[in-house]
Amino acid sequence: MDKILENLNPEQLAAVTLPAQSALILAGAGSGKTRVLTTRIAWLLKTGQASTAGIMAVTFTNKAAREMMLRLSMLFPVNTRNLWVGTFHGLCNRLLRLHYRDAALPQSFNILDVQDQLSTIKRLLKTNNVDDEKYPPRNLMYFINGAKERGLRASDVDGQDDYERRMVELYGMYEEQCQREGVVDFAELLLRSCELLERNQTLREHYQERFRHILVDEFQDTNDLQYKWLKLLAGDRTAVFAVGDDDQSIYAFRGANVGNMLSFQHDFQVNNLIRLERNYRSYGNILDAANTLIAHNTHRLGKNLHTDAGDGEPIRVCESPSDLNEVQWILDEVGHLIHDGIPRSEIAVLYRSNAQSRVIEHGLFSAGIPYRVYGGLRFFERAEIKHAIAYLQLIDNPDNNAAFLRVVNFPARGIGARTIESLQEMSRLHDVSLYAAIPYISGKGGTALASFVRIIQGIRSEVKNMDLPALIQTVLDKSGLLMYYQKEKDGTDRVENLGQLVSAATQFLSEEGFLLDAPALVVEQAHAQQTVDNPLLTVDRVIEADVPLTMIMSPLAAFLTHASLEAGENQADEGQDALQLMTVHSAKGLEFDAVFITGLEEGLFPHENSVKENGGLEEERRLMYVAITRARKRLYLSYAQTRMLHGHMRYNISSRFLSELPEENLKWLAPRKQSVYSGIRKEPVAQFGQPAVSDKPFSGSFGKSSEWQIGQAVIHKKFGEGVIVSLEGERANIRARINFGRFGMKLLDLGIAKLERVS
DNA sequence: GACTATTGCATTTTT
DNA sequence: TGCAATAGTC
């Protein structure tokens, strides 16, 4: 048998060697999905069933795309040049750069990230005197993105009422503004590509002919627009190899549609559905728990993970009186794990929402345990980097008003709101960009603006023959950005980051295989000959010339694309061996020797907002499933009876997900009775059965005489388990507000309701 | 135009 | 509780 097929299990082998037809691979957590994907590509190439140019592989993250490339090149020597592996957005960008004319875009269109999009919308509302209280920019953004993700232009949306009709109108104005300024947002990359393929038969057929195999990773996370894009690219003849796991679909709130897995089987006439259920990651107890939990969901495609690894340790469950005690317990257990030789970087503490990390961080910090929190500001999202990028964008595309407004007066150069207003007036009047409207401004503002133009023009002429890192360095110097941050007292980090931008460019060039004196000219000529009638001229020339994408753009444009599509590392500095802290969402795709899932409380996990949403509970359960399946050897679950959240004490009952796990795989640990570590809170901590001093209702008149206390766990015949959150009223008619978790908050008269106390 | 006070807001977020 | 964004002041 072929060497690359060695050591595949029968299901993996079957998947890898499927005939050239569309197939759905249901790949469970830890079942070797990436291996199957990469081996499939290697197998197709090695057996001569496809050429590198004939394969496209789509992922959701740049990290996954890189990983795929890396593992592929280890399996099989490939020329990655004309292999289309990338994210949906990255590949769309590629299409649009190649066919910018047919897509009606300027050659150097810039890509808006979420921040840019929001400020673009804010600006739109402002210039059109729209009340941003009535139409919050954020809502409008969701509205626009939602429509785009369903494939709808403003002209396709029917507003149901006046309010919505106005939103549609604003959506239309936003479209026009972006078009004028030569910018596209993330959703636009997809939508524009779809429209390009839909309208242009020659182009569509060309790509359908070219890509005989399209492989899609994390298929359960595709939204409707991405699905449509795949359909357009695939046509009737392309074999789409979709790999996904419906049980790990946790991005419905962002438009992901698990239903695409069903549609896919139908629309692509899938005869081959292969389940990868053998798990190579976790021990039996962990898998049993995961299987049992997810079985509570309905409408699954169905799957059960199994392993040969044995049961392993039981899952440890801890009930703590408070969030502080929970942290203390984690600290204790982490100590044991480290003592057992597990590296800190192999221990993850997961939580449902970011707000929960604070207490954990504080505890780890006090205990002197190094940790790393995922999910902070990413490199390209930092203000100083965005400023530098804006200058670069302006060099690349002076019509980019968003970039212009960001830096026209940063560092401050005496261009105030009045000047900008008159500039906007002129821009409207003469139908040109803000930058192009500068000559129309006279007076003091005009002088200041003219000096800005001199800076930009100066940079432009100076950098003409420079390589990218030198270009960026020049921008940092000449824009005054570097000097600004050098003068600022807390600017050291920012200066350092700006320096890193230059290094990032150097790295980018080497990684992207830039050949600075390569056939850019060929491409330029091809573009010159490209016509609407013959859009393929460029494509063919580019493919034949074996030109990487970076060749059809200037190095600067390519770097800007990179900056927009890849926000950079999403974690604190690497290096030392540190505990990993992150939300369950960001843990997807990762694995650790030991995993703590914290805050397993009704209202937190499952989150109260999700429970109210249609299908929300099932998504929360999948989230829990993802969390559990991250663990290789040890799994720890915990919840706290009281938790400080948003400045208020919350009394929660344990998560229903805990009760959905099989008892035989769990080992309940005795709760720690007293908080050993102090210093976080000045006030005494609410202990079980004891009220927090800060809680007002308790200090009322009935306090001493009452047999009921805040925090008391109770059982109600109908509502089940609950916790007393507050008490009100006098003696005979005391009423209690009780949190019954899934039944919600109930106000019960304690004289009437029959409640049983739970210790 | 920079600094300060106030207000409102708090689920998750691959690009 | 803690922040981020905004309005208001010098």
Side-chain angles (χ1 to χ4, degrees), chain A residues 58-67 86-93 111-119 122 132-133 136-138 142 145 148-149 184-190 217-218 220-223 225-226 248-256 323 350-359 362 374-375 378 380-381 409-418 488 561-568 570 582-590 599 603-613 616 619-620 622-624 626-627 643-650 680-683 694:
Chain A
V58 201
T59 62
F60 275 87
T61 65
N62 293 297
K63 199 174 152 198
R66 275 196 302 270
E67 166 103 357
T87 62
F88 277 100
H89 294 84
L91 296 173
C92 284
N93 176 53
I111 300 167
L112 300 178
D113 68 14
V114 181
Q115 285 179 36
D116 302 331
Q117 191 186 10
L118 191 63
S119 47
K122 281 182 183 163
D132 59 0
E133 302 255 299
R138 217 164 269 278
Y142 293 147
N145 290 343
K148 287 190 180 187
E149 274 159 19
V184 298
D185 57 49
F186 285 143
E188 183 73 23
L189 287 169
L190 261 301
D217 190 19
E218 306 275 19
Q220 78 282 353
D221 289 340
T222 51
N223 64 31
L225 190 54
Q226 288 158 340
Q248 290 190 68
S249 160
I250 55 172
Y251 284 107
F253 73 94
R254 284 183 94 237
D323 48 350
L350 309 184
Y351 35 82
R352 173 65 240 266
S353 65
N354 287 306
Q356 289 165 252
S357 78
R358 187 179 306 279
V359 226
H362 198 121
Y374 283 65
R378 295 151 103 191
F380 286 108
E381 291 168 354
N409 196 35
F410 192 91
R413 41 177 80 91
I415 300 170
R418 301 176 313 282
E488 208 182 51
T561 288
H562 170 78
S564 310
L565 292 180
E566 175 150 30
N570 194 3
M582 66 193 85
T583 63
V584 180
H585 280 92
S586 29
K588 192 179 155 211
L590 305 176
L604 239 200
F605 197 1
H607 198 279
E608 51 196 351
N609 295 356
S610 294
V611 176
K612 291 176 207 151
E613 282 163 22
E619 176 141 324
E620 293 286 304
R622 290 193 292 269
L623 200 49
M624 180 69 183
V626 167
R643 181 177 297 277
M644 196 61 116
L645 209 66
H646 306 317
H648 291 285
M649 195 63 88
R650 300 201 12 159
I680 292 187
R681 248 172 240 156
K682 292 175 194 89
E683 288 172 331
S694 57

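Order of the sequence lines fixes the chain letters, A, B, ..., with proteins taken first and strands second; residue numbering starts at 1 for each chain. Hydrogens, waters and symmetry mates are skipped; everything else that's a heavy atom, side chains included, is used.
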**Message:** So if I take every side-chain heavy atom of Phe253(A) and compare against dT13(B), dT11(B), dT14(B), which nucleotide ends up nearest?
**Reply:** dT13(B)
**Asked** Counting only side-chain N and O atoms of Asn62(A), is one of them less than 4.0 Å from OP1 or OP2 of dT14(B)?
**Response** no
**Prompt:** What distance, rounded to whole Å, do you find between the two P atoms, one in dT12(B) and one in dA5(C)?
**Reply:** 15 Å
**Message:** Within the 4.0 Å heavy-atom criterion, would you say Val584(A) contacts the bases, only the backbone, or no part of the nucleic acid?
**Reply:** nothing
**Prompt:** Looking for any heavy atom pair under 4.0 Å, which part of the strands does Ser610(A) touch: base, sugar-phosphate only, or nothing?
**Reply:** base
**Asked** Would His89(A) count as stacked on dT15(B) if the rule is ring centres under 5.5 Å and plane angle under 30°?
**Response** no
**Item:** Euclidean distance for C1', dT6(C) against dT11(B) (whole angstrom)
**Value:** 24 Å
**Prompt:** Does a sphere of radius 6.0 Å around CZ in Arg138(A) hold more than 12 heavy atoms from other residues, nucleotides or ligands, not counting ones at 6.0 Å or beyond?
**Reply:** no
**Request:** Rounded off to whole Å, could you give me the CG-to-P distance for the Leu118(A) and dA5(C) pair?
**Result:** 9 Å
**Complete:** Rounded to whole Å, the CD-C1' distance (Glu488(A) to dC3(B)) equals 13 Å
**Item:** Euclidean distance, atom CE of residue Met649(A) to atom P of dT1(C) [Å, nearest integer]
**Value:** 11 Å
**Message:** Can you identify which nucleotide, out of dC3(C), dT13(B), dA2(B), has its nearest atom closest to the Arg254(A) side chain?
**Reply:** dT13(B)
**Ring center gap for Phe253(A) and His585(A) short of 6.0 angstrom** = yes
**Asked** Is any NZ, NE, NH1 or NH2 atom of the basic residue among Asp221(A) and Lys588(A) found under 4.0 Å from an Asp or Glu carboxylate oxygen of the other?
**Response** yes
**Message:** Could you tell me how far apart Glu608(A) (CD) and dT11(B) (C1') are, to the nearest whole angstrom?
**Reply:** 10 Å
**Request:** Identify, between Glu613(A) and Thr222(A), the residue whose nearest nucleotide on DNA chain B lies closer to the 5' end.
**Result:** Glu613(A)
**Asked** Quick one: Glu381(A) CD to dT14(B) C1', roughly how many Å, whole number?
**Response** 12 Å
**Message:** What's the closest nucleotide to the side chain of His585(A) if the choices are dT15(B), dA10(B), dT13(B)?
**Reply:** dT13(B)
**Prompt:** Base, sugar-phosphate, or nothing for Gly589(A), non-hydrogen atoms under 4.0 angstrom?
**Reply:** nothing
**Asked** Counting just side-chain N and O atoms, does Thr583(A) come under 4.0 Å of either OP1 or OP2 of dT13(B)?
**Response** yes
**Message:** If you define the side chain from C-beta out and look only at heavy atoms, does anything of Phe60(A) sit under 4.5 Å from Gln226(A)?
**Reply:** yes
**Minimum-distance nucleotide to His646(A) side chain [options: dT1(C), dC3(C), dT15(B)]** = dT1(C)
**Complete:** Between CG of Asp132(A) and C1' of dT6(C) the distance, given in whole Å, is 10 Å
**Prompt:** What is the distance, rounded to the nearest whole Å, between atom CG of Asn145(A) and atom C1' of dT13(B)?
**Reply:** 12 Å
**Request:** Select base, sugar-phosphate, or nothing to describe what Tyr251(A) touches, counting heavy atoms under 4.0 Å on all strands.
**Result:** base
**Item:** Phosphate-side-chain proximity, Ser586(A) and dT13(B), N/O vs OP1/OP2 below 4.0 Å
**Value:** yes
**5' precedence on DNA chain B between Arg413(A) and Asn354(A) (nearest-nucleotide basis)** = Arg413(A)
**Prompt:** What is the distance, rounded to the nearest whole Å, between atom CZ of Arg622(A) and atom P of dT12(B)?
**Reply:** 18 Å
**Student check: side-chain heavy atoms of Ser357(A) and His362(A) closer than 4.5 Å** = no
**Message:** If you only use heavy atoms from C-beta on, which nucleotide in dA2(B), dT12(B), dT15(B) is closest to the side chain of Ala412(A)?
**Reply:** dA2(B)
**Flag side-chain contact, heavy atom, 4.5 Å: Arg643(A) against Met649(A)** = no
